[in-house]
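Only one structure is covered here, and it is reproduced in the block below.
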Amino acid sequence: MNNSELPLYLKISPIYNKILQLGIAVLCIVVLLNILILSQNKQNSVIAKQFNYLSEVQLEQAVTAFKVLLNNEDSISSKNKTNIEKYIHQLAQSNTVNDVHFYDESGLLQVSSSDSINMKTLYGLTPIELDTKDQSQLYGTFVEEIRTDKLLGYLRITINKEITNSRLTKANFDVHETMRLLVLFSLIIGFLLTRGFSRFSRQGFRMNKSKVD
């Protein structure tokens, strides 16, 4: 064989070529899946932080209102208790608020909203025969001191996570659904391009071979 007849590149067996293409495709799929998973986890973290922020803002607003209602008094008068009951009922009417509890400075429960969930039920700590499930994943509980120049009591609010996060969760789902569709289309386009280039290469090789013959 003359030097002019030497191939310009090393010949690769078709089976090894297919294995190489398959390996590259699998690697690309794994990378894309990892990107999707990391993006999903990041969005879930953002949603959790946003939920905590909104809940804490709502709690701070309620604490400020309680300072006014209590009027810096050590004991709750009948008038104050009536106003507190009305305000707690008003808070509990919100779709995002599941229940509200007000405790005095010693930690004794004074007023709570109707249909409230106690802590044992919330975390599934009731007796086995009641078969109560842990509901802590559905709700977020936040507690804050009510304090001016002295401690007036404590406020506990339970927030519904599903309702509070519904818009962010839907937006997150829509974004990832779009990303999954783009990944699927990319795989289909890559497959079609690979087949097209493969056919084009075989046709070019046949034409060159026929010219040599």
Side-chain angles (χ1 to χ4, degrees), residues 38-177:
L38 291 174
S39 178
Q40 180 73 39
N41 292 336
K42 183 177 180 180
Q43 290 298 322
N44 290 337
S45 177
V46 170
I47 291 174
K49 291 179 180 178
Q50 183 71 9
F51 170 76
N52 290 333
Y53 171 75
L54 294 175
S55 301
E56 289 172 358
V57 168
Q58 192 167 12
L59 179 60
E60 287 295 333
Q61 292 174 348
V63 167
T64 302
F66 265 86
K67 291 178 182 179
V68 176
L69 292 172
L70 292 172
N71 197 21
N72 207 32
E73 296 180 359
D74 292 327
S75 60
I76 303 175
S77 62
S78 58
K79 181 180 179 181
N80 280 351
K81 188 172 183 178
T82 301
N83 291 333
I84 289 172
E85 288 175 347
K86 290 181 179 179
Y87 182 68
I88 285 180
H89 177 72
Q90 181 182 353
L91 274 179
Q93 292 301 309
S94 173
N95 291 333
T96 58
V97 177
N98 188 73
D99 56 53
V100 184
H101 294 76
F102 168 66
Y103 304 86
D104 63 14
E105 67 276 6
S106 63
L108 294 176
L109 179 63
Q110 298 296 314
V111 184
S112 64
S113 58
S114 58
D115 300 329
S116 60
I117 301 177
N118 60 52
M119 299 303 290
K120 289 184 178 181
T121 303
L122 181 64
Y123 289 97
L125 301 177
T126 52
I128 299 176
E129 57 270 15
L130 296 179
D131 192 23
T132 304
K133 295 182 179 180
D134 183 6
Q135 304 180 53
S136 59
Q137 297 300 320
L138 304 177
Y139 303 97
T141 301
F142 299 85
V143 181
E144 183 73 23
E145 289 184 347
I146 304 172
R147 182 186 292 274
T148 52
D149 55 340
K150 59 183 178 180
L151 181 62
L152 302 176
Y154 303 89
L155 184 64
R156 176 166 69 89
I157 294 182
T158 303
I159 307 294
N160 190 308
K161 289 184 179 180
E162 183 178 1
I163 296 176
T164 305
N165 296 337
S166 58
R167 292 183 179 179
L168 288 175
T169 302
K170 185 179 183 304
N172 182 38
F173 176 81
D174 291 341
V175 169
H176 282 84
E177 191 68 18

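What you see is a predicted model; the values in this text were computed from it and never measured.
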Heavy-atom check, side chain of [X] versus side chain of [Y], under 4.5 Å:
X      : Y      : value
Lys161 : Leu138 : no
Gln58  : Leu54  : no
Phe102 : Leu70  : yes

Can you sort out the partners of Ser39 under side-chain hydrogen bond (donor to acceptor under 3.5 Å, both in side chains), two or more places apart, ordered by chain and number? His176
Please name all residues satisfying side chain to side chain contact (heavy atoms under 4.5 Å, CB included) with Leu108, sequence neighbours left out, ordered by chain then number.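 Leu108: side chain to side chain contact (heavy atoms under 4.5 Å, CB included) contacts with Asp104, Ser106, Gln110.
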Could I get the full list of side chain to side chain contact (heavy atoms under 4.5 Å, CB included) partners for Thr64, not counting sequence neighbours? none
Rounding to 0.5 Å, atoms CG (Leu69) and CG (Asn83) come to a distance of 6.0 Å
Value rounded to 0.5 Å, distance of CG in Asn98 from CD1 in Ile163: 8.5 Å
Contacts of Glu56 that satisfy salt bridge (charged side-chain N to carboxylate O under 4.0 Å, His left out) - sequence neighbours left out: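 Glu56 satisfies salt bridge (charged side-chain N to carboxylate O under 4.0 Å, His left out) with no other residue.
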Just checking, is any N or O donor in the side chain of Asp99 or Thr158 under 3.5 Å from an acceptor N or O on the other one? yes
Atom of [X], atom of [Y] and distance for their closest heavy-atom approach:
X      : Y      : value
Glu145 : Val63  : O-CG1, 3.7 Å
Phe66  : Ile84  : CE2-CG2, 3.5 Å
Asn160 : Thr164 : O-OG1, 2.7 Å
Gly107 : Tyr154 : N-CE1, 4.4 Å
His101 : Ser112 : CD2-CB, 3.4 Å
Phe142 : Ser55  : CE1-CB, 3.2 Å

Mind listing the side-chain donor-acceptor pairs of residues 86-94 below 3.5 Å, one per line with the distance, residues two or more places apart or on another chain?
| unit_1 | atom_1 | unit_2 | atom_2 | d |
| --- | --- | --- | --- | --- |
| His89 | NE2 | Gln93 | NE2 | 3.3 |
| Ser94 | OG | Thr96 | N | 3.4 |
| Ser94 | OG | Thr96 | OG1 | 3.1 |

Answer yes or no: are there more than 12 heavy-atom neighbours, outside Glu162 itself, under 6.0 Å from its atom CD?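 No, not enclosed.
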Using atom types as modelled and distance alone, determine if a side-chain donor or acceptor of Lys67 lies under 3.5 Å from a backbone N or O of Ile146.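 A pair under 3.5 Å: no.
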Can I get a per-line list of side-chain donor-acceptor pairs under 3.5 Å for residues 40-53, giving both atom names and the distance, sequence neighbours left out?
| unit_1 | atom_1 | unit_2 | atom_2 | d |
| --- | --- | --- | --- | --- |
| Gln40 | NE2 | Asn44 | OD1 | 3.4 |
| Asn41 | ND2 | Ile37 | O | 3.3 |
| Asn44 | ND2 | Gln40 | O | 3.3 |
| Asn52 | ND2 | Ala48 | O | 3.3 |

